[in-house]
Student: 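Encoded as structure tokens, here's the structure I'll be asking about.
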Amino acid sequence: MSDGEIRRWKLTEVEAYDGPEDRACHAWKGQTPRNAVMFGPPGVFYVYLCYGVHWMLNVVTGPVGFPAAVLIRGAGEVIGPGRVTKSLAIDRIQNQKPAQKSTGLWFESAKEIPDHEIETTPRIGIGYASEPWLSAPYRYVWHR
DNA sequence: CATTTGATTCACT
DNA sequence: GTGAATCAAATGA
């Protein structure tokens, strides 16, 4: 990534975190300096260090004032939130950066993927609050 | 100011 | 299968 090489990644596994009602979202109880970016405009990255070693790469999707984001759990052959960021050398430098070419990280439109190639499952890694509504199928996995 | 949490991963038994 | 690692921020005293 440092030599100007352009790498294209297919997002194969994502997870949605939508709104103040969603307790799995870090912003469920209000805005804080840490997750403030999720309250900002969409199209920017929310990079969050979890467990002291793993960076979580998110993309803000909701409008200003509404905390919603999508967690990139898998890209290309790399599966696992912490591994994706490691492969892309993403850290807090990318936090709050807009998803555009000038930041070195951006999205391009892909061809439509048929629904039958997408599997929806409950989210992962949020067992600390075993509530039923957390099992909402907000995880999307693309099966080639 | 001290303690707890956390959207995980890796090593070891 | 179980538990440790380890940084930053939120919460509580």
Side-chain angles (χ1 to χ4, degrees), chain A residues 1-2 5 7-110 112-144:
Chain A
M1 284 294 280
S2 57
E5 174 192 354
R7 285 200 240 171
R8 295 195 301 168
W9 297 69
K10 293 169 292 190
L11 302 187
T12 53
E13 189 176 345
V14 298
E15 235 172 68
Y17 292 86
D18 184 36
E21 299 293 311
D22 185 359
R23 291 187 65 183
C25 177
H26 285 164
W28 64 273
K29 75 156 102 173
Q31 181 176 1
T32 64
R34 181 200 216 163
N35 54 37
V37 58
M38 278 201 286
F39 289 82
V44 305
F45 294 111
Y46 168 44
V47 183
Y48 161 69
L49 179 63
C50 187
Y51 293 93
V53 274
H54 302 295
W55 293 99
M56 302 294 149
L57 176 61
N58 301 253
V59 183
V60 179
T61 57
V64 176
F66 189 86
V70 173
L71 167 67
I72 311 299
R73 295 187 54 93
E77 302 301 315
V78 184
I79 299 301
R83 311 196 120 217
V84 171
T85 52
K86 185 179 179 183
S87 298
L88 290 171
I90 289 173
D91 54 11
R92 55 182 311 154
I93 304 295
Q94 299 290 342
N95 194 31
Q96 275 187 87
K97 294 280 183 71
Q100 56 192 21
K101 290 191 178 183
S102 60
T103 64
L105 197 60
W106 71 95
F107 296 102
E108 290 183 357
S109 59
E112 269 189 41
I113 297 176
D115 288 349
H116 69 267
E117 292 186 15
I118 301 292
E119 180 190 1
T120 60
T121 78
R123 288 176 295 190
I124 294 178
I126 47 180
Y128 57 90
S130 53
E131 298 287 341
W133 39 260
L134 280 177
S135 300
Y138 272 5
R139 174 168 170 255
Y140 298 87
V141 184
W142 174 38
H143 293 279
R144 281 178 290 180

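Every chain is numbered from 1, with letters handed out A, B, ... down the list of sequences.
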Student: Quick one: A/Glu13 CD to B/dA7 C1', roughly how many Å, whole number?
Tutor: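 It works out to 12 Å between those atoms.
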
Student: Looking at every non-hydrogen atom in both residues, tell me the closest pair between A/Ala16 and A/Asp22 and how far apart they are.
Tutor: O-OD2, 4.2 Å

Student: Rounded to whole angstroms, how far apart are OH on A/Tyr48 and P on C/dA8?
Tutor: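 These atoms are roughly 12 Å apart.
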
Student: A/Met56 has a side chain; which of C/dA8, B/dT8, B/dT9 sits nearest to it?
Tutor: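 The answer is B/dT8.
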
Student: Any idea how A/His26 and A/Tyr48 line up, ring-wise: parallel (<30°), tilted (30 to 60°), or perpendicular (>60°)?
Tutor: perpendicular

Student: Would you compute the distance between atom CZ of A/Phe45 and atom CD1 of A/Ile72 and round it to the nearest 0.5 angstrom?
Tutor: 8.0 Å

Student: Any chance CZ of A/Arg139 has more than 12 other-residue heavy atoms, nucleotides or ligands included, within less than 6.0 Å?
Tutor: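 Correct, the count exceeds 12.
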
Student: Over how many whole Å does the gap from A/Leu49 atom CG to B/dT5 atom P extend?
Tutor: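 It is 17 Å, rounded to the nearest whole Å.
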
Student: Identify which nucleotide among C/dA10, B/dA7, B/dT8 has an atom closest to any side-chain atom of A/Arg34, counting heavy atoms from C-beta outward.
Tutor: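 Closest nucleotide to the A/Arg34 side chain: C/dA10.
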
Student: Please report the distance, rounded to the nearest Å, between CD1 in A/Ile79 and P in B/dT9.
Tutor: 10 Å

Student: Considering only side-chain heavy atoms of A/Tyr51, which listed nucleotide, B/dA7, C/dA8, B/dT8, is closest?
Tutor: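 So the side chain of A/Tyr51 is nearest to B/dT8.
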
Student: Just how far, in rounded Å, is P of C/dT11 from NE2 of A/His26?
Tutor: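 In whole Å, C/dT11 P lies 12 Å from A/His26 NE2.
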
Student: Atom CH2 of A/Trp28 and atom P of C/dA9: how far apart are they, to the nearest Å?
Tutor: 20 Å

Student: Check whether A/Thr103 reaches the backbone of A/Ala99 with its side chain - one donor and one acceptor, N or O, closer than 3.5 Å.
Tutor: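 Not confirmed, A/Thr103 side chain does not pair with A/Ala99 backbone.
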
Student: Whole Å only: how far is the CG atom of A/Asp22 from the P atom of B/dA7?
Tutor: 11 Å

Student: Are there more than 12 heavy atoms of other residues, nucleotides or ligands under 6.0 Å from atom CD of A/Glu117?
Tutor: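 Yes, the 6.0 Å shell around CD holds more than 12 heavy atoms from other groups.
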
Student: Kindly point out which of C/dA5, B/dA7, C/dA8 is positioned nearest to the side chain of A/Arg92?
Tutor: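 So the nucleotide nearest the side chain must be C/dA8.
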
Student: What dot-bracket string describes DNA chain C from 5' to 3', counting Watson-Crick and G-U wobble pairs whose defining distances are under 3.5 Å, with [ ] for crossing pairs and | for pairs to another strand?
Tutor: |||||.||||||.

Student: Considering only NZ, NE, NH1 and NH2 on the basic side and carboxylate oxygens on the acidic side, decide whether A/Glu15 and A/Arg123 come within less than 4.0 Å.
Tutor: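 Looking at A/Arg123 together with A/Glu15, the answer is no, because their closest N to O distance does not fall below 4.0 Å.
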
Student: Answer with base, sugar-phosphate or nothing: what part of the nucleic acid does A/Asn35 contact at a heavy-atom distance below 4.0 Å?
Tutor: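 It contacts nothing in the nucleic acid.
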
Student: Taking only the P atom of each, what is the distance from B/dT4 to C/dA4 in whole angstrom?
Tutor: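 The same atom, P, in both gives a distance of 15 Å.
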
Student: Does C/dA10 have its OP1 or OP2 closer than 4.0 Å to a side-chain nitrogen or oxygen of A/Thr32?
Tutor: yes

Student: OP1 or OP2 of B/dA7 less than 4.0 angstrom from a side-chain nitrogen or oxygen of A/His54, does that happen here?
Tutor: no

Student: If you compare every side-chain N and O of A/Arg73 against the phosphate oxygens of B/dT8 (OP1, OP2), does one of them come in below 4.0 Å?
Tutor: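 The answer is yes; a side-chain N or O of A/Arg73 sits under 4.0 Å from OP1 or OP2.
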
Student: Taking CZ from A/Arg123 and P from B/dT8, how many angstroms apart are they, rounded to a whole number?
Tutor: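 To the nearest whole Å, that distance equals 11 Å.
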
